[in-house]
Amino acid sequence: QVQLVESGGGLVQPGGSLRLSCAASGLIFSINSMGWYRQAPGKQRELVATITSNGGTNYADSVKGRFTISRDNAKNTVYLQMNSLKPEDTAVYYCNANLRDRYYVPFDSWGQGTQVTVSS
């Protein structure tokens with residue numbers, strides 16, 4: 001089983017920045033993509049950003065221009081640089097990896113979530 005370990009969450013003032021990290025470990029055959037999702041109180045989990053192993057990215061409209069996703073394939077690690085944070089960014093952020101086993105069957109692994117709170 002693949003384990004995802006997240007770090008970097010915390011409390012930040014509006015306009016501030018945070019950088020989230022997520023490292024994948026375990027029996028990994030191949031990685032299709034990694035990304036970040038978030039869930040705010042009373043809302044459904046939503047996509048924040050994803051990145052493929054070859055560098056293609058996708059962002060939610062709400063974070064485009066403020067957040068940047070990047071990865072280090074050698075370390076199986078994905079990052080989320082969050083700038084110009086707003087109170088509405090407050091949520092639990094979850095790391096995700098979409099992988100394939102040796103039979104090329106896709107599956108997902110999730111981190112435990114890290115709290116990001118944007119408040120003055």
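Remember, it's a predicted structure, so these values are computed and weren't measured experimentally. This chain uses plain numbering: 1 for the first residue, then up along the sequence.
Aromatic ring pairs are classed by plane angle as parallel below 30°, tilted from 30° to 60° and perpendicular above 60°; the pair W110 and Y94 is perpendicular.
Taken from OG in S21 to CD in Q81, the straight-line distance is 9.5 Å, to the nearest 0.5 Å. The CZ atom of R102 lies 13.0 Å from the OG atom of S30; values are rounded to the nearest 0.5 Å. Atom CD1 of residue I28 and atom CD of residue Q1 lie 10.5 Å apart, to the nearest 0.5 angstrom. Note that the CD atom of Q112 and the SG atom of C22 stand 8.0 Å from one another [nearest 0.5 Å]. To the nearest 0.5 Å, the span separating CZ on F67 from CG on L20 amounts to 8.5 Å. Within the model, atoms CG of N76 and OG of S53 stand 8.0 Å from one another, a figure rounded to the nearest 0.5 Å.
In this structure the side chain of T68 never reaches within 4.5 angstrom of the side chain of Y79, judged on heavy atoms. Side-chain contact between L11 and S119 is present, with heavy atoms from C-beta onward closer than 4.5 Å. Taking 4.5 Å as the limit, some side-chain heavy atom of V116 sits within range of a side-chain heavy atom of M82. When side chains are defined from C-beta on, N58 counts as touching L47, because their heavy atoms get closer than 4.5 Å. The side-chain heavy atoms of N96 and R45, taken from C-beta on, include no pair separated by under 4.5 Å. Between T50 and N98, the closest side-chain pair of non-hydrogen atoms is not below 4.5 Å. In this structure, the side chains of K86 and V118 stay at 4.5 Å or more apart for every pair of heavy atoms.
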>> side-chain contact (heavy atoms from CB on, under 4.5 Å), that's the test. Do T90 and Q115 meet it? Break it down for me.
In response: CA-CA 8 Å; T90 296; Q115 178 70 48; 3.9 Å; yes

>> Working note: D89 + R38, criterion side-chain contact (heavy atoms from CB on, under 4.5 Å); need CA distance, chi angles, decisive distance, verdict.
In response: CA-CA 9 Å; D89 295 318; R38 68 186 182 187; 3.0 Å; yes

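Under a hydrophobic-cluster definition in which Ile, Leu, Val, Met, Phe, Trp and Tyr are linked whenever side-chain heavy atoms come within less than 4.5 Å, directly or via other members, L80 and V92 are assigned to different clusters.
Summarising the geometry of R71 relative to T52, their closest heavy-atom pair is NE-O, 4.1 Å, with the distance given to 0.1 Å. Taking all atoms of both residues into account, the shortest heavy-atom contact from D101 to V105 is OD1-N, 2.9 Å. The heavy-atom pair separating M34 from A97 by the smallest distance is CG-CB, 4.1 Å. The heavy-atom pair separating W36 from I69 by the smallest distance is CD1-CD1, 3.9 Å. A pairwise comparison of heavy atoms in R66 and L85 identifies NH1-CA, 3.9 Å as the closest pair. The shortest non-hydrogen separation linking S70 to I51 is CA-CD1, 3.9 Å.
Listed for the T114 side chain is no donor-acceptor partner under 3.5 Å among the backbone atoms of E6.
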